[in-house]
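For reference, the structure is listed below as structure tokens.
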2 protein chains.
Amino acid sequence: MTDALDVSLRLVRAQTALVKRFDASLGGLHGVSLADFTTLLRLGQAPGGRMRRVDLAEALGLTASGVTRGLVPLERIGLVTRETDARDGRVAYAALTDTGRARLTDMLATAEQVAAEIFAAPPWSKEDIGRMSALLTRLGGTGLPGHTPAP
Amino acid sequence: MTDALDVSLRLVRAQTALVKRFDASLGGLHGVSLADFTTLLRLGQAPGGRMRRVDLAEALGLTASGVTRGLVPLERIGLVTRETDARDGRVAYAALTDTGRARLTDMLATAEQVAAEIFAAPPWSKEDIGRMSALLTRLGGTGLPGHTPAP
DNA sequence: CTGATATGCTTGAGCACTCAAGGAGGTCGC
DNA sequence: GCGACCTCCTTGAGTGCTCAAGCATATCAG
């Protein structure tokens, strides 16, 4: 087996372990999944804390229908609201509520701690993590902000 | 956001893109998913081309029930058979058929090519891929062979 | 204005996994 | 040999996504 295939399979495997760990902490402390958290985080990064649902889908790497279904519970528990566009009747925005923004702050602290624990165990340097981030950015296709290093 | 959280989210994102790519090629050429291929590959690596289903689950990072369900289509199309243990009536083996082994060879070539394409695009060295592999091994928990480098 | 086409979103059906429960078989103490 | 446990596997219910289809709205050509 080639190295490239080997590392691909390891990546797939690593992801499931990683997701489980985030889900456990985020679920236990805040009652949300990693997918929920990522959704709220993207909304929090957007201007005004709101995005068109189609853009949110693109940012999350999901389909529009995945976003529709994923937002339902977040709307139900009051972290996100649906807003309409006065100019274009087709679009619906997903917007962070004040509660949502407050809860997101707590979740972010939890998620950062989990990530810190994960990357604390192996003796890997900041540069190693940076390199990995750069490669993952390419692998991940479009959608993430980009983390472009200064030239 | 910390670097550790950033790279975690990128990893999750990268995985979905990667899986889609493998699924497209493996599905198109051989009619199997990446999960199917990984299952067959593990069986192929095992002595005698067969494993107890519980060990297969461990190797794949799935639950036993996930393996039961995942093997059904592979048995149906004749790539895998179920074998029993004469000594222990509880265990059922999943075993690669001759057809399965032949098809696996073709699939492996396809998968290696896809992986090569993925890792050809970014100008990353063999060492970079090796480092990434090592980190992913730690992240991924147990289950993979290990790739321990010579001391 | 009208019809054709494109866009944004939702919905039904399906798929691949999970967890929880349960059946069948094995092991051990007594 | 029998009861209490453990292990291996399957099954029912639920989750979170996908694709395909459909509806409503917008845009544009004539």
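We name chains A, B, ... by the order of the sequence lines, and we start the count at 1 in each one.
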Report the distance from atom [atom1] of [X] to atom [atom2] of [N], rounded to the nearest whole Å.
| X | N | atom1 | atom2 | result |
| --- | --- | --- | --- | --- |
| B:Gln15 | C:dA16 | CD | P | 15 Å |
| B:Tyr93 | D:dT7 | OH | C1' | 14 Å |
| A:Arg53 | D:dC17 | CZ | P | 14 Å |
| B:Leu56 | D:dT7 | CG | C1' | 17 Å |
| B:Leu34 | C:dC15 | CG | P | 18 Å |
| A:Leu74 | D:dC17 | CG | P | 10 Å |
| A:Asp85 | D:dT25 | CG | C1' | 12 Å |
| A:Leu60 | D:dC17 | CG | P | 9 Å |

### Message
My understanding is that only residues two or more places apart in sequence, or in another chain, count here; which of them pass side-chain contact (heavy atoms from CB on, under 4.5 Å) with A:Ser25?
### Response
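If we apply the side-chain contact (heavy atoms from CB on, under 4.5 Å) test to A:Ser25, skipping adjacent residues, the hits are A:Thr110, A:Val114.
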### Query
Who pairs with B:Arg69 by side-chain contact (heavy atoms from CB on, under 4.5 Å), at least two apart in sequence or on another chain?
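By the side-chain contact (heavy atoms from CB on, under 4.5 Å) rule, B:Arg69 matches B:Ser65.
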### Query
Taking C-beta and beyond as the side chain, do B:Leu108 and A:Leu5 meet within less than 4.5 Å on heavy atoms?
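Answer yes - side chains close enough.
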Taking the side chain from [X] and the backbone from [Y], do they hold a donor-acceptor pair closer than 3.5 Å?
| X | Y | answer |
| --- | --- | --- |
| B:Thr97 | B:Gly78 | yes |
| A:Arg103 | A:His30 | yes |
| A:Glu83 | A:Tyr93 | no |

### Message
Going by salt bridge (charged side-chain N to carboxylate O under 4.0 Å, His left out), name the residues that satisfy it together with A:Asp85, two or more places apart in sequence or in a different chain.
### Response
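If we apply the salt bridge (charged side-chain N to carboxylate O under 4.0 Å, His left out) test to A:Asp85, skipping adjacent residues, there are no hits.
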### Task
Check whether A:Met1 and A:Val12 end up in the same hydrophobic cluster, where Ile, Leu, Val, Met, Phe, Trp and Tyr are linked by side-chain heavy atoms less than 4.5 Å apart.
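They do share one cluster, since a chain of ILVMFWY contacts under 4.5 Å joins A:Met1 to A:Val12.
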### Query
Taking A:Met107 as the fixed residue, which of A:Leu79, A:Leu41, A:Leu29 is the one that meets the side-chain contact (heavy atoms from CB on, under 4.5 Å) rule?
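So, applying the side-chain contact (heavy atoms from CB on, under 4.5 Å) to A:Met107 and each of A:Leu79, A:Leu41, A:Leu29, only A:Leu79 qualifies.
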### Message
Could you report the tightest heavy-atom contact between A:Arg53 and A:Val67, atom names first, then the distance?
### Response
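Heavy-atom minimum between the residues: O-CG1, 4.0 Å.
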Polar atoms only, N or O, under 3.5 Å: list the protein pairs with nucleotides 21-23 of chain D and their distances.
none

Please list, pair by pair, any protein nitrogen or oxygen found under 3.5 Å from a nitrogen or oxygen in nucleotides 17-19 of chain C.
unit_1 : atom_1 : unit_2  : atom_2 : d
C:dT18 : OP1    : B:Thr63 : N      : 3.4
C:dT18 : OP2    : B:Thr63 : N      : 3.3
C:dT18 : OP2    : B:Thr63 : OG1    : 2.6
C:dT18 : O4     : B:Arg69 : NH1    : 2.8
C:dC19 : N4     : B:Ser65 : OG     : 3.0

### Query
According to a strict under-4.0 Å criterion, is B:Arg52 in side-chain N/O contact with OP1 or OP2 of D:dC9?
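So the side-chain polar atoms of B:Arg52 never come under 4.0 Å of the phosphate oxygens OP1 or OP2 of D:dC9.
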Give me, pair by pair, the N or O atoms of the protein and of nucleotides 21-25 of chain C that are less than 3.5 Å apart, along with how far apart they are.
unit_1 : atom_1 : unit_2  : atom_2 : d
C:dG25 : O3'    : B:Gly89 : N      : 3.4
C:dG25 : N2     : B:Arg90 : NH1    : 2.9

#### Entry: A:Asp36 and A:Ser33: side chain donor to acceptor below 3.5 Å
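A:Ser33 and A:Asp36 do have a side-chain donor-acceptor pair below 3.5 Å.
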